[in-house]
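Okay, so here's the structure we're looking at.
Just so we're on the same page: letters track the sequence lines, and every chain starts at 1. What you are looking at is a predicted structure, and each value in this text was computed from that prediction instead of being measured.
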Protein chains: 2
Amino acid sequence: MTSDVDDTAELSRPARRQAEIAAYVVKNGSVSANDLVEAFGVSVMTVHRDLDELERQGVVRKYRGGVSAQPTSVFESNVAYRLNTAHAEKAAIARHARAMIEPGMSVMLDDSTSALSLVDLFEDITPLTVATNFLPAITRLAQLRDITLLALGGIYSATHDSFGGMPCAEAVEALHTDLLFCSVSAVSPTHAFHQEEEIVLVKRAMLRSAKTKVLLVDHAKLQRTALHRLAPLTDFDVVIVDEKTPDDLIRPLREHGATVEVAKL
Amino acid sequence: MTSDVDDTAELSRPARRQAEIAAYVVKNGSVSANDLVEAFGVSVMTVHRDLDELERQGVVRKYRGGVSAQPTSVFESNVAYRLNTAHAEKAAIARHARAMIEPGMSVMLDDSTSALSLVDLFEDITPLTVATNFLPAITRLAQLRDITLLALGGIYSATHDSFGGMPCAEAVEALHTDLLFCSVSAVSPTHAFHQEEEIVLVKRAMLRSAKTKVLLVDHAKLQRTALHRLAPLTDFDVVIVDEKTPDDLIRPLREHGATVEVAKL
DNA sequence: ATAACATAACACCAGAAGACGGTAAGACAG
DNA sequence: CTGTCTTACCGTCTTCTGGTGTTATGTTAT
């Protein structure tokens, strides 16, 4: 919960404040708008706007007189995604993953920031076919030349900024790519986990639809679990972790049969 | 070819210049970068950037020493789409179409600027389910609350900024919406037309997947035809034209059985 | 080898969009 | 009905991105 690597940087001011407000709300269960005005030193208007945005993302519930927190799962998969970061590590993992891609290949990406870092490296590996359900990735890839972009449609989720549900799973199943890069919210020595059933559905479909599967894991994901067991780590051909991962945490994965590679900064 | 309503306005400066450059290239067959520098009074760098963008969209082909034009069909469906506009009329058509939508309905939109105007009106008709394969529409709808967004994935086309191909058609076929709003590049008294086969494929699927079908037509589309016959106008429940459409052009449509409505400014 | 052409890297500028607060009007609970 | 909370609207300020040119470096034909 308490992030060791506290990087409130790398985020626009309102986005950062919103993340902090979200954390504040989750911590206190339910608070009033005025509390937040004092706590963050902004006008009541701004607080309301922030809360509206957080509600749109499904992080909080507004009612007259204040807001309350949503179930942890939602908070985890959204704000975690924002505060989290560990930007440098993600970039290192992406560079490492990049080495596995050859021009001409087909690549699938899930809706994770790790995958997004990877997108920025694609420009130099053309031609390339990329399939993803992650809206930020889609908009970026649409700008690039010599990349065949295959959007995986579905029901939009504001929390993840991606498409999911049955339509998405079906779209995935119609494909078969050379590579899959994906991430999860938690990794035990034996399994990968995720909180949300809908997401699990899509990720499982992706696992079935790729030849080589790669799991991208920054060290914050280890030592944790989440509600749904997504798949055993041995289902992945490679698990890439960042350099900051303690050896103590890597060893158990290897002992259980996973192929772990460490991405150097 | 020569647009009677010459509206170079309503477009960002570079976009306009690019459209003009495209027209210039199509007219002269092939030109050098330096020609364009003189013709448009910008630096050679800017010309190159413009040409890169046009190449990305598939409008021109770059080679050392200059650029050449692509087949007319591509030009038509891209630059036409940009120069075209008639912004006020589109907005009027959108407002007219809006009246057909009730909260709670499901709506499908194709990849047309007409449809895009409609998106801006959705905010007030919530809740609403919207399905579309048009990237600009998707990004806008993702911002809105109380709208269930169903992205229709597929192969990205830079020319249209939308998704298409078989994957898209399949995604469409898995749905059935209350309403469909779509547009085409040309309309004869009896039929709707489009240049590109791939687009026709998707639009036909859309026609099969909606209960009520609405065709949005600004007056520039009439009196023209294109390679592929998409569907008879009687397949549409309503055809909406703008106010500037001469009666002489509307009458034939009605005589052939189409239901035509005129959108007032 | 050289001249013409193309790309990359940097820096600047302007216009647009976003962020924010204030006030006033509207909704809700007690 | 009244006080509190919320929303809508407007004006201001700032921030940021997009568009541009200049210079420098790379590339390709002759």
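With dC5(C), dT22(D), dA19(C) as the choices, the nucleotide that has an atom nearest any side-chain atom of Pro14(A) turns out to be dA19(C). Distances were taken from every side-chain heavy atom of Arg64(B) (C-beta onward) to each of dA6(C), dC9(D), dC20(C); the shortest belongs to dA6(C). In this structure, the nucleotide among dC28(C), dT20(D), dT7(D) sitting nearest to the side chain of Asp52(A) is dT7(D). The Val42(B) side chain lies nearest to dG21(D) when the options are dC20(C), dC9(D), dG21(D).
Across the protein-nucleic acid pair, Asp50(B) atom CG and dG18(D) atom C1' stand 13 Å apart, rounded to whole Å. Distance, Met45(B) CE to dG19(D) P: 14 Å, rounded to whole Å. Atom CD in Glu123(B) sits about 14 Å away from atom C1' in dT7(D), given to the nearest Å. Rounded to an integer number of Å, the gap from Leu36(A) CG to dG21(C) P is 13 Å. As a whole-Å value, the separation of Leu51(B) CG from dC5(C) P is 14 Å. In this entry the distance linking CZ of Arg56(A) with P of dT7(D) reads 16 Å, nearest Å. Rounded to whole Å, the distance from CZ on Arg140(A) to P on dT17(D) is 12 Å. Counting to the nearest Å, the P atom of dC5(C) and the NE2 atom of His48(B) are 9 Å from each other.
Considering only side-chain N and O atoms, Arg17(B) lies nowhere under 4.0 angstrom from the phosphate OP1 or OP2 of dG19(D). Close to dC5(D), at under 4.0 Å from its OP1 or OP2, lies no side-chain N or O of Ser32(A). For Thr46(A), a side-chain nitrogen or oxygen approaches OP1 or OP2 of dG21(C) to under 4.0 Å. Distances shorter than 4.0 Å separate some side-chain N or O of Lys62(B) from OP1 or OP2 on dT7(C).
Contact check on Arg140(A) versus Asp120(A) returns a salt bridge, with a Lys/Arg side-chain nitrogen under 4.0 Å from an Asp/Glu carboxylate oxygen. Salt bridge Arg49(A)/Asp52(A): absent, no basic N to carboxylate O contact under 4.0 Å. With respect to the salt-bridge test (charged N to carboxylate O, under 4.0 angstrom), the residues Arg61(A) and Glu55(A) do not qualify.
Using the six-membered ring where Trp is involved, Phe40(A) and Tyr24(A) have ring planes that are perpendicular, over 60° apart on the 30 and 60° scheme.
Asp242(B) places a side-chain N or O within 3.5 Å of a backbone atom of His219(B) that can act as its donor or acceptor partner.
For Arg49(B) against dG21(D), a side-chain N or O and a base N or O form a donor-acceptor pair under 3.5 Å.
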